[in-house]
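The first residue in the sequence is number 1, and the count goes up from there. Since this is a predicted model, take the numbers as computed values, not measurements.
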Amino acid sequence: IYTEPIPEVQLPNPDALNNWIDKTQKSLHRLPILGLMEHGAEFHDDEYLGIGDVLFRFNEHGFRVFCQKIGFRYDQLELIETPSLTSSVLNDLIRQSVVRSRLDGEEFVIDQDTNTIIGIVSSSYVGYGSDQFLNDIRDFLEGLPQETQGDLLPPEDSSQFHEAYGINTELTIRYTLPKIKHGKIQSRGGTGEDVSKFGLEFRNSMVGTSSVRINYFLYRLVCSNGMMVPAATSTNRVFHSGKRDTFKGRLD
């Protein structure tokens with residue numbers, strides 16, 4: 001199956017972040033897979049899934065997870081060279097009752113701007129928009145002790161927003177505190193400040209590629225040429241599945 005590429009979008013400042021969130025969320029739609037199949041959706045030309053003029057393409061993540069759901073290995077389909085044979089194999093599979101039972105309660109996540117299937121989530125998957133995610137991060141940072149809050153949320157002209165990037169609706173945002181100086185570091189390259197940089201990382205996905213993650217990281221200078229390496233990390237996750245009213249409590 002021919003699939004659409006998945007770009008990684010660098011978001012170097014808050015304005016770029018807000019624009020990406022707005023564009024991404026406006027185009028997302030969820031569609032029950034079994035309902036689509038029961039209305040006669042089929043694969044066409046080793047590229048499309050749909051009915052009549054309503055046709056969808058997959059990106060690579062969307063197609064890989066679809067193969068997992070139907071119990072057929074992605075790498076086996078990649079070996080097929082005969083034109084339209086991949087479509088025939090997939091159409092045979094999606095007509096089988098055992099395969100349809102696996103798809104019951106599953107939903108395609110579709111980018112409506114391009115009619116591309118970018119993921120699959122269960123009907124119980126709690127939609128957590130990136131705009132709400134960003135607002136909750138801001139609320140969280142503002143609720144920290146005043147001395148820490150001042151480091152992470154200084155005046156707008158000196159914001160400690162570090163970086164963000166988006167991949168297939170998965171958003172990662174990093175904030176950093178000012179560097180912590182420990183003393184001096186010496187190497188063959190010379191002498192420099194011995195410093196560490198502490199940060200907080202937040203991650204969320206709207207297509208099931210990641211649970212909500214709230215992590216800290218610590219980078220420490222190891223060479224006078226400026227190279228820093230990870231010195232410590234921590235991962236805390238909140239899963240999207242479950243009831244919407246309990247999700248907020250687990251997140252808090």
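Outside the 6.0 Å centre-distance limit, the rings of Phe56 and Tyr48 are not counted as a close aromatic pair. Tyr216 has its ring centre no less than 6.0 Å from the ring centre of Tyr175.
Looking at residues two or more places apart in sequence or on another chain, you find a side-chain contact (heavy atoms from CB on, under 4.5 Å) between Asn135 and Gln132. Residues passing the side-chain hydrogen bond (donor to acceptor under 3.5 Å, both in side chains) test with Asn215 are Glu201, sequence neighbours excluded. In this view, Ser130 satisfies the side-chain hydrogen bond (donor to acceptor under 3.5 Å, both in side chains) rule with no residue, not counting sequence neighbours. In this structure, the salt bridge (Lys or Arg N to Asp or Glu O under 4.0 Å) partners of Arg95, at least two apart in sequence or on a different chain, are Glu42. For Lys69, the side-chain contact (heavy atoms from CB on, under 4.5 Å) criterion is met by Val65, Leu103, Glu106, Ile120, not counting sequence neighbours. By the side-chain contact (heavy atoms from CB on, under 4.5 Å) test, Gln10 pairs with Glu8, Tyr165, sequence neighbours left out. Under the rule for a side-chain contact (heavy atoms from CB on, under 4.5 Å), the partners of Asp113 that lie at least two apart in sequence or sit in another chain are Lys23, Ser27, Asp111. With sequence neighbours left out, the salt bridge (Lys or Arg N to Asp or Glu O under 4.0 Å) criterion links Arg73 to Asp75. Thr116 pairs by the side-chain hydrogen bond (donor to acceptor under 3.5 Å, both in side chains) definition with Thr114, not counting sequence neighbours. Looking at residues two or more places apart in sequence or on another chain, you find a side-chain hydrogen bond (donor to acceptor under 3.5 Å, both in side chains) between Asp92 and Gln96.
In this structure, the side chains of Leu134 and Ile173 come closer than 4.5 Å at one or more pairs of heavy atoms. Residues Asp22 and Asn18 are not in side-chain contact: their nearest non-hydrogen atoms beyond the backbone lie 4.5 Å or more apart. Inter-residue side-chain proximity for Phe108 and Leu49 is flagged as met; some heavy-atom pair is nearer than 4.5 Å.
Of all heavy-atom pairs spanning Ile118 and His61, the tightest one is O-CD2, 3.1 Å. Minimum heavy-atom separation, Glu107 to Ser123: OE2-CB, 3.9 Å. Nearest approach of Tyr125 to Val207, heavy atoms of both residues: OH-N, 3.9 Å. Considering all non-hydrogen atoms of both residues, Asn204 and Tyr128 come closest at ND2-O, 2.9 Å. Of all non-hydrogen atoms in Arg102 and Gly71, the two that sit nearest each other are NH1-CA, 3.6 Å. Taking both residues in full, the closest heavy atoms of Ile94 and Arg100 are given as O-NE, 2.7 Å, listed atom of the first, atom of the second, then distance.
Interatomic distance, CD1 of Ile6 versus CG of Asn59, reported as 4.0 Å (0.5 Å rounding). One finds the CE atom of Met206 at 8.0 Å from the CD1 atom of Ile21 (value rounded to the nearest 0.5 Å). In this structure, the separation between CG on Asp104 and CE on Met37 is 12.0 Å, given to the nearest 0.5 Å. Atoms CD1 and CD, on Ile117 and Glu4 in that order, are 11.5 Å from each other to the nearest 0.5 Å. Taken to the nearest 0.5 Å, the CG atom of Leu171 stands 6.0 Å off from the CG atom of Leu17. Here Arg237 contributes atom CZ and Arg213 contributes atom CZ; the two are 5.0 Å apart, rounded to the nearest 0.5 Å.
Using a 30° and 60° split on the angle between ring planes, Phe66 and Phe43 fall in the tilted class, from 30° to 60°.
A donor atom on one side chain and an acceptor atom on the other are found under 3.5 Å apart for Asp46 and Ser87.
Ile70 and Leu31 fall within a single hydrophobic cluster, where Ile, Leu, Val, Met, Phe, Trp and Tyr side chains are chained together by heavy-atom contacts under 4.5 Å. Leu55 and Ile33 fall into different hydrophobic clusters, defined by Ile, Leu, Val, Met, Phe, Trp and Tyr side-chain heavy atoms under 4.5 Å apart, directly or through other members.
In His44, the NE2 atom is crowded: over 12 heavy atoms of neighbouring residues, nucleotides or ligands sit closer than 6.0 Å.
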Where do Ile1 and Leu90 land on the side chain to side chain contact (heavy atoms under 4.5 Å, CB included) test, with the steps shown first? CA-CA 10 Å; Ile1 293 290; Leu90 290 168; 3.8 Å; yes
Verify side chain to side chain contact (heavy atoms under 4.5 Å, CB included) between Leu28 and Ile110, making sure each step is shown before the conclusion. CA-CA 6 Å; Leu28 289 187; Ile110 298 170; over 6 Å; no
Please report the C-alpha distance between Leu36 and Ile51 in whole Å, then the side-chain angles of each, then the deciding distance to 0.1 Å, and finally whether the side chain to side chain contact (heavy atoms under 4.5 Å, CB included) criterion is met. CA-CA 8 Å; Leu36 194 62; Ile51 317 159; 4.2 Å; yes
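The backbone N or O of Pro5 lies less than 3.5 Å from no partner atom in the side chain of Glu60, so there is not a single donor-acceptor pair. Side-chain N or O atoms of Asn13 include one that pairs as donor or acceptor with a backbone N or O of Asp15 at under 3.5 Å. Checked by atom type and distance alone, the side chain of Thr209 never pairs as donor or acceptor with a backbone atom of Ser205 at under 3.5 Å.
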Extract all donor-acceptor atom pairs below 3.5 Å that involve side chains of residues 76-84 and protein atoms in other chains or at least two apart in sequence.
none

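Annotation: ring pair (Phe, Tyr, Trp, His ring centres under 6.0 Å) contacts involving residues 71-93, sequence neighbours excluded, comprise Phe63-Tyr74.
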